[in-house]
Structures are given as structure tokens and as C-alpha cells.
**Q** 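Before I ask anything, let me first share the structure, which is written out below as C-alpha cells.
The model shown is predicted, which means the values in this text are computed figures rather than measured ones. Each ligand, and each atom within it, is numbered from 1 in the order the structure gives.
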Amino acid sequence: MLVAIINPASGHRQASFFFDHHLRPLLPAINHVFTTTAQGDAENFIHHLPDAPLTIVLLSGDGTLHEIINALPHRNISFVLVPCGTANALYASLFPPAGLDKIEYKLQSVRAFLANAAPVHISLASASIAATSSLASVVVSTALHANILHHSESLRRSHPGIERFKIAAEQNSTKWYRARARILPVPGDRVQIYDPKSSAFIPHPDASPDLELDGPFAYFLSTVNVDRLEPHFRISPLARIIAPPPSTCDIIVLRPLRDPQINDDSDDARKTYVEKVWQVLGAAYQNGTHVNFTYETTTGEIQVNGDGPVVIEYFRAGGWEWFPDPQDEDAHLVCADGAVHRISPGERAACIIDQTPHTFSVYGPV
Ligand SMILES: Nc1ncnc2c1ncn2[C@@H]1O[C@H](COP(=O)(O)OP(=O)(O)OP(=O)(O)O)[C@@H](O)[C@H]1O
């Protein structure tokens with residue numbers, strides 16, 4: 001069965017217009033077209049369809065996809081993605097911006113479906129906090145990214161585009177997050193870390209097979225299926241450059257105390273380090289060059305492919321656990337595909353890749 005689901009509230013609110021003008025003529029065989037009126041509508045609509053393999057043409061962003069996957073984890077669904085949301089991370093990773101005209105750019109997953117391409121099985125991260133768990137097809141994060149998502153939601157009306165993420169990043173840039181993390185091994189192997197000198201992932205020398213990390217953290221983010229969170233924000237570029245082993249995520253970690261210039265966790269140190277946080281995030285917008293950043297060993301200046309320690313710890317792993325310091329409220333936020341959850345006092349968050357079998361797939365490049 002072929003259906004279309006339109007979230008008219010996503011992104012710049014153009015999804016209905018786009019469907020009527022550019023999609024309907026391409027999909028004469030469509031069985032149902034459903035426009036949501038609120039969160040939860042897509043789930044209700046699918047519940048009332050026969051329990052058979054389903055192809056959904058989804059005009060939304062990553063959030064509506066996240067809602068469907070979580071509400072109906074046992075359904076057999078192939079998604080045809082039409083990027084109408086704010087960030088469209090999964091779509092932009094499958095189809096990086098490449099100079100196509102604006103309309104044709106958005107029709108690439110539709111074209112793959114119409115060409116009878118085989119849909120690609122996606123990985124899912126299970127993010128759990130105490131007894132609740134959530135499935136993510138793009139990102140699970142804590143620290144700065146989770147706080148950006150938390151604060152940006154209140155800016156959605158005034159700033160419907162990706163600029164709201166930049167405003168929220170500025171509001172949060174001096175924060176560090178006190179926590180301890182455990183990085184879980186690649187299945188059957190150890191935790192791996194990217195080594196810019198050899199341009200390869202290598203087994204982490206301290207992993208046995210998992211790895212303990214002490215905070216404070218500025219940034220802690222994991223991705224599956226994607227190398228970017230916006231069309232030009234390529235935060236985990238190696239996901240597309242060095243093929244990941246099955247059931248793994250890429251984890252990007254920034255720990256300020258690794259900087260030779262930073263000696264303690266003080267207000268002054270946090271202010272000094274802001275510039276480096278911006279350098280790293282700025283480089284993610286420059287095609288992901290932050291993965292090759294190193295510190296100059298005495299001054300702490302950021303260099304590219306120097307001899308000092310890496311700035312970003314870029315791990316490849318089977319998942320992670322996060323134990324926030326009970327005194328640090330902001331370290332208790334976890335983002336799963338844009339939805340923000342709070343870790344209760346005394347609890348921890350965990351993220352494990354492909355823990356639950358499922359039959360979700362997407363139409364990617366032919
Ligand atoms: N008609 C609606 N009105 C308001 N919210 C809706 C409606 N339909 C769905 N939603 C909810 O809107 C939220 C955001 O949707 P979506 O992710 O598609 O857009 P976005 O946030 O602009 O894009 P992205 O996730 O790519 O940044 C989802 O949580 C979804 O459940």
C-alpha cells in the first residue's frame with residue numbers, strides 16, 4: 001500500500017503546497033493522502049491501515065519520521081522522504097546538496113522509488129533513560145547539542161529555519177557538562193578512535209573493550225545513518241567516508257580539559273574555551289574538517305593534522321552510557337532525533353545501536 005503523510009507544520013510550512021504542485025502528478029497510484037493536524041496524528045492514521053507492508057511518502061522533517069518509528073516499531077515500512085522539515089538530516093545525508101534545482105533536489109527519494117530501486121535498511125539507536133526508551137534514526141546526544149535543541153524549540157515560531165539552532169548555540173556556548181561516559185565496543189571488537197595521521201579508525205589503546213571517559217564535556221553526540229545534521233553541518237563526516245561496521249554509531253566528543261591551554265574547570269577557562277567550541281562547530285560547516293584538528297602542545301592553538309593531541313575524539317562504537325553529575329542539571333538533557341528527554345536524578349542514559357529488530361527502510365540514492 002502506498003500512502004502520503006504531510007506535516008504542514010514542519011519547517012517553513014510548505015509541505016502541502018509541495019505535495020499539490022510537485023508530487024501528486026508523479027504518484028497517480030497513491031492509496032491515501034493524509035495531512036496531520038497535530039503531533040500523534042500520523043501514528044493514528046497508520047494504526048487504521050491494514051497491517052501489511054507499507055510505503056509512506058513522508059513530507060516532513062526528521063521529527064515526524066521519529067514519531068512514526070517510535071509509535072509503530074513493528075510495522076514493515078519503506079519511507080520515501082521528501083525534505084520539508086527544518087534540518088532534514090537523514091535526507092541531506094542520503095542526498096548531500098549538489099547543485100540541483102530546488103524542486104528536483106527534493107524529489108530524489110521519490111525518483112528512486114519510481115525507478116523501483118531497493119530501499120535501504122536503516123540502523124536504529126535505542127536511547128533509554130530508566131524504564132523509557134526511544135528509537136532514533138539520526139542522532140542521540142547530550143551536553144551542548146541536547147541543550148541547543150532544548151532551547152531552540154521556544155524559537156520555532158520566530159525562527160522557522162536552521163538559524164534558531166545557531167541562536168541557541170550562542171546562548172549555551174560557555175557551558176560545560178559534568179558527567180562520566182562509557183563508550184561501548186564495536187560488536188565483537190573494541191572501541192575505535194579516528195587517527196588523523198593514518199586517516200583510519202584504530203582500536204582505542206585504553207579500551208578493554210569499552211572505554212571510560214571523565215568529564216567535563218562540551219560536546220557529546222552520536223549519529224547513525226547520517227554524516228550531517230543539516231545540509232551543511234557535517235558533524236560526523238567519516239560516516240560517509242569510512243564505511244561503518246554494522247550496528248555501530250559515530251560519536252563526537254569534545255572535552256575541554258584535553259586542551260593544553262586549559263588547566264581547570266573555572267568560569268575563566270569556560271570563557272576562554274568558547275572560541276575553540278566555535279572553531280570546531282564552524283569546521284563542521286566547512287565540510288567536516290574538525291576531525292583533523294589537533295592542539296599545539298604548549299599553546300593549545302588549534303592546528304590541522306599537527307603532532308599534538310586530537311581536539312575532537314571521534315569514536316566508532318556499539319553505543320554509550322552517560323552518567324550525569326547530580327549537581328549539574330544541564331547535563332541531564334538527552335536529545336533523540338530532536339526530541340529532548342530529561343534524565344531523572346540518580347539515573348543514567350544509555351544508547352545502543354540496533355538492539356531491536358525492525359523492518360524500516362528508506363529510498364536512498366540509486
Ligand atoms: N500538524 C501538526 N502540527 C504541529 N505539529 C505537528 C503536526 N504534525 C506533526 N507534528 C509534529 O511536529 C514535530 C516536528 O516535525 P518535523 O520534524 O517534521 O519538522 P521539523 O522539526 O521542522 O524538521 P526537522 O526534524 O528536520 O528539523 C514532530 O514532532 C511532529 O510529531
**Q** Quick one: pull up CD1 in I5 and CD1 in I68 and give me the separation to the nearest 0.5 Å.
**A**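 With rounding to 0.5 Å, CD1 (I5) is 4.0 Å from CD1 (I68).
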**Q** Salt bridge or not for R156 and E153, using N-O below 4.0 Å?
**A**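 Here R156 pairs with E153 in a salt bridge, since their nearest N and O are under 4.0 Å apart.
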**Q** Below 3.5 angstrom, do we get any N/O pair linking A87 and ligand 1?
**A**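 Yes, at least one N or O pair falls under 3.5 Å.
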**Q** Identify the two heavy atoms, one from G215 and one from L257, that lie closest to each other, and give their separation to 0.1 Å.
**A**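 Here G215 and L257 meet closest at O-CD1, 4.4 Å.
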**Q** I want to know if ligand 1 touches G61 in the polar sense, i.e. an N/O pair below 3.5 angstrom.
**A**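 Yes.
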**Q** State, to 0.1 Å, how close P244 and A239 come at their nearest heavy-atom pair, and which atoms those are.
**A**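 The answer is CD-O, 3.6 Å.
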**Q** Going through the checks in order, is the side-chain contact (heavy atoms from CB on, under 4.5 Å) test met by K276 and Y295?
**A** CA-CA 10 Å; K276 297 209 171 130; Y295 291 113; 4.1 Å; yes
**Q** With a heavy-atom distance limit of 4.0 Å, tell me whether Q39 approaches ligand 1 through its side chain, its backbone, both, or neither.
**A**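 For Q39, backbone and side-chain atoms both sit under 4.0 Å from ligand 1.
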**Q** With a cutoff of under 4.5 Å between side-chain heavy atoms, which Ile, Leu, Val, Met, Phe, Trp and Tyr residues group with V186?
**A**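 Via sub-4.5 Å side-chain contacts, V186 links to none.
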**Q** Just let me know how T37 lines up against ligand 1, side chain, backbone, both or neither, with a heavy-atom cut-off below 4.0 Å.
**A**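 Backbone only.
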**Q** If you measure every N/O of G11 against every N/O of ligand 1, is any gap under 3.5 Å?
**A**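 Yes, there is a polar N/O contact under 3.5 Å.
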**Q** Nearest heavy atom to atom 13 (C) of ligand 1 wins, so pick from N70, N7, T35.
**A**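 It is N7 whose heavy atom sits nearest to atom 13 (C) of ligand 1.
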**Q** Do the charged groups of R180 and D325 touch, with an N to O distance under 4.0 Å?
**A**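 So R180 does not pair with D325 through a salt bridge.
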**Q** Measuring from atom 2 (C) of ligand 1, which candidate in P160, P83, A38 has the nearest non-hydrogen atom?
**A**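 Residue with the shortest heavy-atom distance to the ligand atom: A38.
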**Q** Quick one: nearest non-hydrogen protein atom to atom 22 (O) of ligand 1, plus distance?
**A**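 Ranking protein heavy atoms by distance from atom 22 (O) of ligand 1, first comes T86 OG1, 2.5 Å.
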**Q** Should you measure from each heavy atom of D62, which atoms of ligand 1 turn up under 4.0 Å away?
**A**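 Listed by number with element: 17 (O), 24 (P), 25 (O), 26 (O).
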**Q** Heavy-atom contact check, 4.0 Å cutoff: does G338 meet ligand 1?
**A**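 Not so, G338 does not reach ligand 1.
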**Q** Would you check the N or O atoms of G63, main chain and side chain alike, for any that come under 3.5 Å of an N or O of ligand 1?
**A**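 Between G63 and ligand 1 (N or O atoms, distance only) the closest approach is under 3.5 Å.
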**Q** Look at atom 8 (N) of ligand 1 and say which protein heavy atom is nearest, naming residue and atom and giving the distance to 0.1 Å.
**A**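 Nearest protein contact, heavy atoms only, for atom 8 (N) of ligand 1 is T36 OG1, 2.7 Å.
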**Q** Considering only non-hydrogen protein atoms, determine which one is nearest to atom 30 (C) of ligand 1 and report residue, atom name and distance to 0.1 Å.
**A**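 The protein heavy atom lying closest is E67 OE1, 3.4 Å.
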**Q** Test V110 against H22 for side-chain contact (heavy atoms from CB on, under 4.5 Å), laying out the working first.
**A** CA-CA 11 Å; V110 177; H22 304 295; over 6 Å; no
**Q** What's the verdict on side-chain contact (heavy atoms from CB on, under 4.5 Å) for L114 and L27, showing C-alpha distance, side-chain angles and the deciding distance?
**A** CA-CA 9 Å; L114 293 173; L27 301 168; 4.2 Å; yes
**Q** Using a 4.0 Å heavy-atom threshold (strictly under), name the region of R156 that reaches ligand 1: side chain, backbone, both or neither.
**A**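 It is the side chain that gets close, since no backbone atom is under 4.0 Å.
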**Q** Number the atoms of ligand 1 from 1 as they appear, then name those within less than 4.0 Å of a heavy atom of S60, with their elements.
**A**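 Once the distances to S60 are compared, the set is 18 (O).
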**Q** Taking 4.0 angstrom as the limit and counting only heavy atoms of S10, give me the atoms of ligand 1 inside it, by number and element.
**A**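 What qualifies from ligand 1 is 16 (P), 18 (O), 19 (O), 22 (O).
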**Q** With side-chain contact (heavy atoms from CB on, under 4.5 Å) as the test, would you mind laying out the steps for I69 and L65 before giving the verdict?
**A** CA-CA 6 Å; I69 285 174; L65 176 70; 3.9 Å; yes
**Q** Answer with side chain, backbone, both or neither: which part of A9 has a heavy atom less than 4.0 angstrom from an atom of ligand 1?
**A**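 Within the 4.0 Å criterion, A9 contacts ligand 1 through side-chain atoms alone.
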**Q** Is it the case that the ring center of F315 lies less than 6.0 angstrom away from the ring center of W320?
**A**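 Ring centroids of W320 and F315 are no less than 6.0 Å from each other.
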**Q** List every atom of ligand 1 that sits less than 4.0 Å from any heavy atom of T64, numbering the atoms from 1 in the order shown and giving each element.
**A**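 Atoms satisfying the 4.0 Å criterion: 15 (O), 16 (P), 17 (O), 18 (O), 30 (C).
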